[in-house]
**Student:** 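One structure follows; several queries about it will come next.
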Protein chains: 2
Amino acid sequence: MPRPRSALLSVELIVESALAQVDRTGNFSFPRIAAELGVSQSSLYNRIESREHIIELLRARIFADRRVMQDDDESWEQTVRRLIRSYHDCFAQHPNLVPLLMSQTVRAEAVLQMYEDLAAALERSGLPQQDLMSAISLIDYFALGSALESTAPDEVWDVSTEHHPTLRRALQEAGPTGERVNRAFDFGVDALLAGIAMRTKHRIY
Amino acid sequence: MPRPRSALLSVELIVESALAQVDRTGNFSFPRIAAELGVSQSSLYNRIESREHIIELLRARIFADRRVMQDDDESWEQTVRRLIRSYHDCFAQHPNLVPLLMSQTVRAEAVLQMYEDLAAALERSGLPQQDLMSAISLIDYFALGSALESTAPDEVWDVSTEHHPTLRRALQEAGPTGERVNRAFDFGVDALLAGIAMRTKHRIY
DNA sequence: ACCTGAACACCGTTCAAGT
DNA sequence: ACCTGAACACCGTTCAAGT
């Protein structure tokens, strides 16, 4: 088959196809991308290097949508809240993607920039230098975990048996999944900020 | 081949083989289990139902090692700390397993029992009923995330570029990976408990 | 009841060959 | 430079056939 005068393929097309598949089915594959774009599987390798490469492009893709409304005289606490929220929202729009992103080194520039902003805000808070990374990790765990919770398995815990009365009650009290995840998010942000602020020079609580 | 008088296979053998593979390589597969046990791949299905089933057996397996030294008159805070620690330790001994466990509903009884204990301790703390599940989720995110961090990619963030001075400084200040993860864990536990205690009837801070 | 071999429907990646 | 088809080395699962 001759080379067409305008390329059949582009990284954008590949990434969009992969993202659509993930949103729809929870995963993507080379055969399905190729089929959807009407090209051969092997031709994908002219644009991308590997499956991992696509995943990293997907990470950059969902963070590209992020609106950054920066307020110059917001407190470090407001900044941290804003960053956690926008980080969380990026994942929340593509929950199926979260598991794919979690086990892979972050290289996407937009994401690194967000961590840089987070580090700067925490430094402003007066947190001791040696706790900076700990606080970032804590926030990271939280954001990823809370995004993961809104993902695939509707029942994270199978409490069908009778042996867990307190857990069962707690789950019922928490309402339907969507509501529960949202409330857990708000609760978590407050708790994290309170916990971090405690280590700060100028305590706010 | 005739049926041997003593069975060649058992779920224990399958689970141990899978766990050893995960610890060694980060994953397991049916062909490799079969090869290691000297049986055919299809014979595995006489003992287990699916790949997911094996993963759930692995979850139960690593929690079976858990020692539960219960102190009857410990405070709710001590109980929560003890549970987070032991939960974390189970993962820490098999970090490669964490990614496999994260995207799957929890059915292992030992794990559900731990969540039940956690729920009970938090209820004792005086936390409002509707916040119980939020607190459990928060702790869960933290324990999983912190276990995940000790897993595969040595560099979670690729800060090879010059554009992230604060992040870079924070990372250097935090020391080598193992130390950083440990400090982040201790910092996180303290922060979480402080944050949760804030919502409690009898504030402790 | 327990094991086998063959078959099926999937994967990601490489590479010589075309234009 | 860009695309193809074939090949390779993997997957999980099913099923008829053996004893």
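Below, chain A is the first sequence line, B the second, and so on; all start at residue 1. Note: hydrogens, waters and symmetry copies are ignored here, and every other heavy atom, side chains too, is used. Note that the structure is predicted; figures quoted are calculated from it, not measured.
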**Student:** Using atom P of each nucleotide, how far apart are dC10(D) and dA9(C) to the nearest Å?
**Tutor:**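 dC10(D) and dA9(C) have their P atoms separated by 22 Å.
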**Student:** Take Ser42(A) and Phe30(B), find for each the nucleotide of DNA chain D with the closest heavy atom, and name the residue whose nucleotide sits nearer the 5' end.
**Tutor:**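 Comparing both residues, the 5'-ward one is Ser42(A).
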**Student:** If I take atom CD in residue Gln21(B) and atom P in nucleotide dC10(D), what distance separates them, rounded to the nearest angstrom?
**Tutor:**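 Between P of dC10(D) and CD of Gln21(B): 13 Å.
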**Student:** In whole Å, I'd like the distance from the CG atom of Leu9(B) to the C1' atom of dC2(C).
**Tutor:**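 Rounded to the whole Å, the gap is 9 Å.
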**Student:** OP1 or OP2 of dT4(C) sitting under 4.0 Å from any side-chain N/O of Ser43(B)?
**Tutor:**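 Ser43(B) to dT4(C) OP1/OP2: side-chain N or O found under 4.0 Å.
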**Student:** If pairing requires Watson-Crick or G-U wobble contacts with both distances under 3.5 Å, which nucleotide is the partner of dC3(D)?
**Tutor:**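 Checking every strand shown, dC3(D) finds no partner, since no pair has both distances under 3.5 Å.
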**Student:** Roughly how many Å is it from CG in Asn27(B) to P in dG12(D), rounded to a whole number?
**Tutor:**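 Going from CG in Asn27(B) over to P in dG12(D) covers 8 Å.
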**Student:** So does Ser40(A) get a side-chain nitrogen or oxygen closer than 4.0 Å to the phosphate oxygens (OP1/OP2) of dC3(D)?
**Tutor:**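 Answer no for this pair, as no side-chain N or O of Ser40(A) is under 4.0 Å from OP1 or OP2.
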**Student:** Rounded to whole angstrom units, what separation is found between the CD1 atom of Ile48(A) and the P atom of dC2(D)?
**Tutor:**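 Distance, rounded to whole Å: 14 Å.
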**Student:** Grab the CZ-P distance between Arg51(A) and dT14(C) for me, whole Å please.
**Tutor:**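 Whole-Å distance recorded here is 15 Å.
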**Student:** So, Arg61(A) and Glu12(A), do they make that salt bridge, N to O below 4.0 Å?
**Tutor:**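 No.
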**Student:** Determine whether a donor-acceptor pair (one donor, one acceptor, N or O, separation below 3.5 Å) exists between the side chain of Ser50(A) and the base of dG12(C).
**Tutor:**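 When only heavy-atom distances are counted, Ser50(A) does not reach the base of dG12(C) through any donor-acceptor pair under 3.5 Å.
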**Student:** At less than 4.0 Å, is any side-chain N or O atom of Arg47(B) found next to OP1 or OP2 of dC3(C)? Yes or no.
**Tutor:**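 It does, given that an N or O in the side chain of Arg47(B) lies less than 4.0 Å from OP1 or OP2 of dC3(C).
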**Student:** Hey, is the side chain of Arg32(A) poking within less than 4.0 Å of OP1 or OP2 on dC10(C), counting only N and O atoms?
**Tutor:**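 The answer is no; no side-chain N or O of Arg32(A) sits under 4.0 Å from OP1 or OP2.
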**Student:** Before accepting this row, confirm whether a basic side-chain N of the pair Glu36(B)/Arg32(B) lies closer than 4.0 Å to the acidic partner's carboxylate O.
**Tutor:**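 The answer is no: the pair does not qualify as a salt bridge.
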**Student:** So do Trp76(B) and Leu127(B) actually touch side chain to side chain, heavy atoms under 4.5 Å?
**Tutor:**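 No - every pair of side-chain heavy atoms lies 4.5 Å or more apart.
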**Student:** Counting only Watson-Crick pairs (N1-N3 plus N6-O4 or O6-N4) and G-U wobbles (N1-O2, O6-N3), all under 3.5 Å, who is the partner of dA17(C)?
**Tutor:**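 Pairing partner: none.
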**Student:** Is Arg85(A) positioned over the aromatic face of Phe185(A), cation under 6.0 angstrom from the ring centre and no more than 45 degrees off axis?
**Tutor:**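 No, Arg85(A) does not lie over the aromatic ring of Phe185(A).
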**Student:** To the nearest angstrom, how far is Asn46(A) atom CG from dT19(C) atom P?
**Tutor:**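 Nearest whole value for this atom pair: 17 Å.
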**Student:** In Watson-Crick or G-U wobble terms, both distances under 3.5 Å, what is the partner of dC11(D)?
**Tutor:**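 Across any shown strand, dC11(D) pairs with none.
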**Student:** Given atom OH of Tyr45(A) and atom C1' of dC2(D), what is their separation to the nearest angstrom?
**Tutor:**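 For the pair Tyr45(A) OH and dC2(D) C1', the rounded distance is 16 Å.
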**Student:** Would you kindly give the CD-to-P distance between Gln41(B) and dT14(D), to the nearest whole Å?
**Tutor:**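 Computing the Gln41(B):CD to dT14(D):P distance gives 12 Å.
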**Student:** Looking at Arg81(A) and Asp186(A), is any side-chain nitrogen of the basic one under 4.0 Å from a carboxylate oxygen of the acidic one?
**Tutor:**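 No salt bridge links Asp186(A) with Arg81(A).
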